[in-house]
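Notes for the one structure printed next.
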Amino acid sequence: MKAHLTELLGVAAKSLNADSTGTAAGELNIQLERPKNPDHGDFSTNLAMLLAKPLRQNPRAIAEKLAAALPASEFVARVEIAGAGFINFYLSPDAKQAVVRQIQQAGEQYGHHLTGAGRKLQIEFVSANPTGPLHVGHGRGAAVGDCLARLMSANGWKVTREFYYNDAGAQIDNLTKSVQSRCLGIGPDHPDFPEDGYRGEYIADIAEAYMAKQTVIADDMNYAASGDPHNAESIRHFAVAYLRHEQDLDLKAFQIRFDVFSLESALYTSGKVESTVQALVESGHTYEQDDALWLRTTGFGDDKDRVMRKREGGYTYFVPDVAYHLDKWRRGFSRVINEQGADHHSTITRVRAGLQALDVGIPQGWPEYVLHQMVTVMRGGEEVKISKRAGSYVTLRDLIEEVGCDATRYFLAARRADSQLVFDIDLARAQTNDNPVYYIQYAHARICSVLNQWGGNHHVLKSADLSPLQAEHEAALMQRLTEFPEVVHNAAEELAPHMVANYLKDLASDLHSYYNAEQFLVEDETLKLARMALISATRQVLRNGLDLLGVSAPEKM
RNA sequence: CUGCCCGUAGCUCAAUCGGAUAGAGCACCAGCCUUCUAAGCUGGGGGUUACAGGUUCGAUUCCUGUCGGGCAGGCCA
């Protein structure tokens with residue numbers, strides 16, 4: 001429909017251009033929008049305002065001419081000029097009702113697009129260090145990343161979901177020492193406990209399991225504890241495996257799945273870190289200074305150069321990151337999106353700089369990033385401080401158990417990623433209408449209930465006469481249904497899954513209003529079938545939308 | 001001190017890549033269940049979109065500055 005109207009406007013603009021000064025109207029970016037106010041029609045364009053400047057004419061006068069030059073269309077009931085020069089289109093009832101047919105035909109594919117054309121896209125998210133259970137911040141990353149993955153799939157991309165484990169480096173040494181101390185009976189209060197050690201009770205659990213010579217099985221590794229408190233290597237392997245196992249359980253509870261788990265340690269053992277360093281040295285963008293090896297990241301937009309190899313010999317964290325991303329590129333991901341906490345935003349410049357320095361044809365803006373801001377957790381009206389090292393903690397699994405998977409996902413994904421989020425546990429766990437996710441699910445359950453009571457064959461709805469759908473709430477609902485594909489498209493373009501959540505709230509609102517204003521199961525058979533077709537289509541869109549969020553669509557509540 | 005993100009109703013948040021009278025929910029007030037699920041609906045009050053300028057037909061949106069909050073600025077990740 002949008003394309004159709006754009007075409008009409010294009011014809012009109014062309015005819016207008018012919019008898020004017022001949023400015024380049026061909027390059028006009030014709031914008032059609034859906035007015036918030038139904039009085040302003042079903043579609044609206046600001047074309048006349050855009051033409052005002054080049055044509056040096058009053059926008060309203062241009063709008064009049066454009067409207068007069070519009071070819072007739074069976075889908076357009078009437079056209080009006082309003083405000084400063086808006087051209088408003090009012091669609092014919094037929095055109096509005098057509099969306100029900102589209103939904104019936106497309107089913108669970110309704111709203112999906114082929115934009116990605118099956119191209120490979122990797123989304124890396126969560127990527128928590130195996131130094132503790134997942135907390136609310138990881139939960140936000142998990143919810144946003146998972147929705148993004150679903151969104152991009154719905155837009156035709158072949159998505160790989162990937163989790164990167166930093167299982168090497170200083171923080172793992174720290175973890176190892178913390179567990180080892182516990183094995184030796186040294187607690188966080190003891191003077192010999194590592195100063196920056198991990199103080200949480202879970203460290204004691206790991207130590208206990210280790211001393212009991214348990215075997216842990218994680219996603220792609222398992223390890224049997226030696227039980228020797230002086231064997232640091234054994235403790236390291238065991239602790240990492242143990243926490244990976246815990247994180248697997250966290251993810252499972254949140255119903256998040258990954259296709260690939262990548263390990264930082266594997267980048268070392270496979271020689272990829274070393275070869276990347278080699279390539280960087282050969283690129284000429286490195287230099288030695290103060291017994292360290294530096295990368296000249298200032299040549300790629302950084303404000304200072306960065307150390308690659310420390311004085312004591314080890315590499316800094318961004319070196320394996322560069323190696324990792326080079327590997328992603330070599331695996332054929334022409335598009336990569338990294339979802340991560342904004343507290344790591346300083347790595348972006350460094351990773352991209354390293355990739356540019358390698359000069360292997362990687363585009364400047366590759367990979368893309370979606371950063372989410374901090375989550376503040378409130379409980380009993382007070383902020384719960386999250387500190388992994390201090391051990392005060394709101395784990396994701398606790399949250400899911402308290403609040404429920406659906407509500408937790410919705411709360412964490414329904415807001416713009418780049419603004420801070422307040423997660424009020426008391427509010428979210430209250431199973432009342434304070435919870436927007438129930439509002440949406442309730443709309444779905446209501447429709448299911450009505451359709452069950454109708455009890456008819458859904459096949460007849462495909463040939464139902466839709467012309468009785470003329471009521472105000474019906475027009476509003478159908479209009480909303482036509483917006484869904486645009487929402488799916490825009491949300492993917494802007495990497496903003498929260499747009500889907502907001503849309504669903506609006507759609508549910510339209511349905512509830514309709515439900516209260518009109519009786520669906522009426523005597524008039526034609527009207528009843530038309531309404532069954534409409535609410536059935538609405539249910540389909542609710543399902544499709546909830547599926548993008550990874551939230552269930554219950555038939556009863 | 002420098003960079004990035006944010007600042008919208010009392011609270012939590014929207015606002016379709018510059019559009020028409022800035023919208024929801026919660027809270028507050030007043031109504032709607034002998035009829036398809038009241039986890040719902042209808043109406044009401046509540047705003048100088050932090051502040052000051054600028055760009056133009058038009059700014060919550062873009063630019064500059066100020067204030068306030070968050071995060072970074074390690075040879076930690």
| request: Would you please name every residue forming a ring pair (Phe, Tyr, Trp, His ring centres under 6.0 Å) with A/F89, sequence neighbours left out? | output: none
| request: With P as the reference atom in both, quote the distance from B/G19 to B/C62 in angstrom, rounded to an integer. | output: 11 Å
| query | In terms of side-chain heavy atoms, does A/D418 have a donor or acceptor partner in A/Q373 at a distance below 3.5 Å? | reply | no
| query | Just checking A/K556: base, sugar-phosphate only, or nothing, at a heavy-atom cut-off of under 4.0 Å? | reply | base
| request: Send over the distance from A/Y503 OH to B/A24 C1', rounded to a whole Å. | output: 16 Å
| query | When all nucleic acid strands are considered with a 4.0 Å heavy-atom cut-off, which category describes A/L421: base, sugar-phosphate, or nothing? | reply | sugar-phosphate
| request: Give A/E483 one of three labels, base, sugar-phosphate or nothing, depending on what nucleic acid heavy atoms sit under 4.0 Å from its own. | output: nothing
| said: Checking one value: the base orientation of B/C63, syn if chi is within 90 degrees of 0, otherwise anti. | reply: anti
| field | Listed nucleotide nearest any side-chain atom of A/H498, set B/C75, B/A14, B/C36 | value | B/A14
| query | Would you say A/Y439 reaches B/C41's phosphate, i.e. side-chain N/O to OP1/OP2 under 4.0 Å? | reply | yes
| query | Atom CZ of A/R539 and atom P of B/C36: how far apart are they, to the nearest Å? | reply | 19 Å
| field | Side-chain donor-acceptor contact under 3.5 Å, A/Q453 with A/S449 | value | yes
| query | Across the strands shown, which category fits A/A414 at heavy-atom distances under 4.0 angstrom: base, sugar-phosphate, nothing? | reply | nothing
| said: In the structure I gave you, are the side-chain heavy atoms of A/L355 and A/P367 within less than 4.5 Å of one another anywhere? | reply: yes
| request: Using the P atom as the reference point in each nucleotide, state the distance between B/C51 and B/C33 in Å, no decimals. | output: 44 Å
| field | Side chain of A/R416 (C-beta onward), nearest among B/C75, B/A14, B/G40 | value | B/A14
Could I get a table of every N or O pair under 3.5 Å where one atom is in the protein and the other is in nucleotides 56-61 of chain B?
none

| query | Going by atom types alone, do A/T45 and A/E33 pair a side-chain donor with an acceptor below 3.5 Å? | reply | no
| said: For a quick check under 3.5 Å, do A/H372 and A/E339 share a side-chain donor-acceptor pair by atom type? | reply: yes
| query | When you measure from the side chain of A/F86, which nucleotide among B/G19, B/C75, B/C13 comes out closest? | reply | B/G19
| Among B/C36, B/C6, B/U42, which nucleotide sits nearest the side chain of A/S513? | B/U42
| Heavy atoms, side chains only, cut-off 4.5 Å: are A/D327 and A/K272 in contact? | yes
| said: Distance check, C1' atoms only: B/U34 and B/A38, in whole angstrom units. | reply: 15 Å
| request: Nearest whole angstrom, please: distance from the C1' of B/C17 to the CG of A/D418. | output: 14 Å
| Taking the P atom of each, how far is B/C28 from B/C71, in whole Å? | 33 Å
| query | According to a strict under-4.0 Å criterion, is A/K310 in side-chain N/O contact with OP1 or OP2 of B/C76? | reply | yes
| note | By nearest-heavy-atom nucleotide on RNA chain B, the more 5' of A/R309 and A/Q453 is A/Q453
| said: Classify A/R415 by what it touches in the nucleic acid, base, sugar-phosphate, or nothing, heavy-atom distance under 4.0 Å. | reply: sugar-phosphate
| Between A/N338 and A/E368: side-chain donor-acceptor atoms closer than 3.5 Å | no
| said: Heavy atoms only, 4.0 Å cut-off, all strands: where does A/E555 land among base, sugar-phosphate and nothing? | reply: base
| query | Does A/Y369 have its ring centroid less than 6.0 Å away from the ring centroid of A/H345? | reply | no
| How long is the line joining CD1 of A/I425 and P of B/U12, in whole Å? | 16 Å
| query | Cationic tip of A/R446 within the cone over A/Y515's six-membered ring, i.e. under 6.0 Å and within 45° of the normal? | reply | yes
| request: Starting from P on B/C75, measure out to CG on A/D302 and report it in whole angstrom. | output: 11 Å
| With no angle test and no hydrogens, is the base of B/A77 tied to the side chain of A/T347 by a donor-acceptor pair under 3.5 Å? | no
| query | Just to confirm, is there a sub-4.0 Å distance from OP1 or OP2 of B/A38 to any side-chain nitrogen or oxygen of A/Y515? | reply | yes
| request: With C1' as the reference atom in both, quote the distance from B/C6 to B/U42 in angstrom, rounded to an integer. | output: 36 Å
| message | With rounding to the closest Å, how many angstrom separate the C1' atoms on B/G44 and B/A24? | response | 16 Å
| said: Counting the atoms with a prime plus P, OP1 and OP2 as sugar-phosphate, which does A/E518 contact under 4.0 Å by heavy atoms, base, sugar-phosphate, or nothing? | reply: base
| Of all the choices, B/U35, B/A20, B/U16, which nucleotide is nearest to the side chain of A/Q519 once you look at every atom? | B/U35
| request: Please state the P separation for the pair B/A27 and B/A22 - nearest whole angstrom. | output: 25 Å
| remark: Contacts satisfying ring-ring contact (aromatic ring centres under 6.0 Å, His included) that involve residues 295-316 of chain A (not counting sequence neighbours) are A/H285-A/F300
| query | Are the aromatic rings of A/F261 and A/Y164 close, with centres under 6.0 Å apart? | reply | no
| request: Check salt bridge (charged side-chain N to carboxylate O under 4.0 Å, His left out) between A/R60 and all other residues, then give those that pass, not counting sequence neighbours. | output: none
| Nucleotide B/C11, atom C1' - distance to CZ of A/F411 in whole Å | 13 Å
| note | Heavy-atom nearest nucleotide on RNA chain B taken for A/N502 and for A/A82; more 5' hit belongs to A/N502
| query | Under 3.5 Å, is there a donor-acceptor pair linking the side chains of A/Y110 and A/R543? | reply | no
| message | Taking only the C1' atom of each, what is the distance from B/G58 to B/A20 in whole angstrom? | response | 9 Å
| query | Reading nucleotides 67-73 of chain B from the 5' end, what letters show protein touch, with B for base, S for backbone sugar-phosphate only, - for no heavy atom under 4.0 Å? | reply | --BSBSS
| message | Any base atoms under 4.0 Å from A/D290, or only sugar-phosphate, or nothing? Heavy atoms, all strands. | response | base
| Atom CD of A/Q441 to atom C1' of B/A39: distance rounded to whole Å? | 10 Å
| What is the distance from CG of A/L521 to C1' of B/C36, rounded to the nearest Å? | 5 Å
| task | State whether the number of non-hydrogen atoms from other residues, nucleotides or ligands found under 6.0 Å of A/E523 atom CD is greater than 12. | result | no
| Given B/A39, B/U16, B/C75, which nucleotide is nearest the side-chain atoms of A/M557? | B/A39
| said: Is it the case that the base of B/A20 and the side chain of A/N88 share a donor-acceptor contact (distance under 3.5 Å, atom types as modelled)? | reply: yes
| said: Centre-to-centre under 6.0 Å for A/F520 and A/Y514, is that the case here? | reply: yes
| remark: Under the rule of Watson-Crick or G-U wobble with both distances under 3.5 Å, where | means paired to another strand and [ ] a crossing pair, RNA chain B maps to (((((((..((((.....[...)))).(((((.......))))).....(((((..]....))))))))))))....
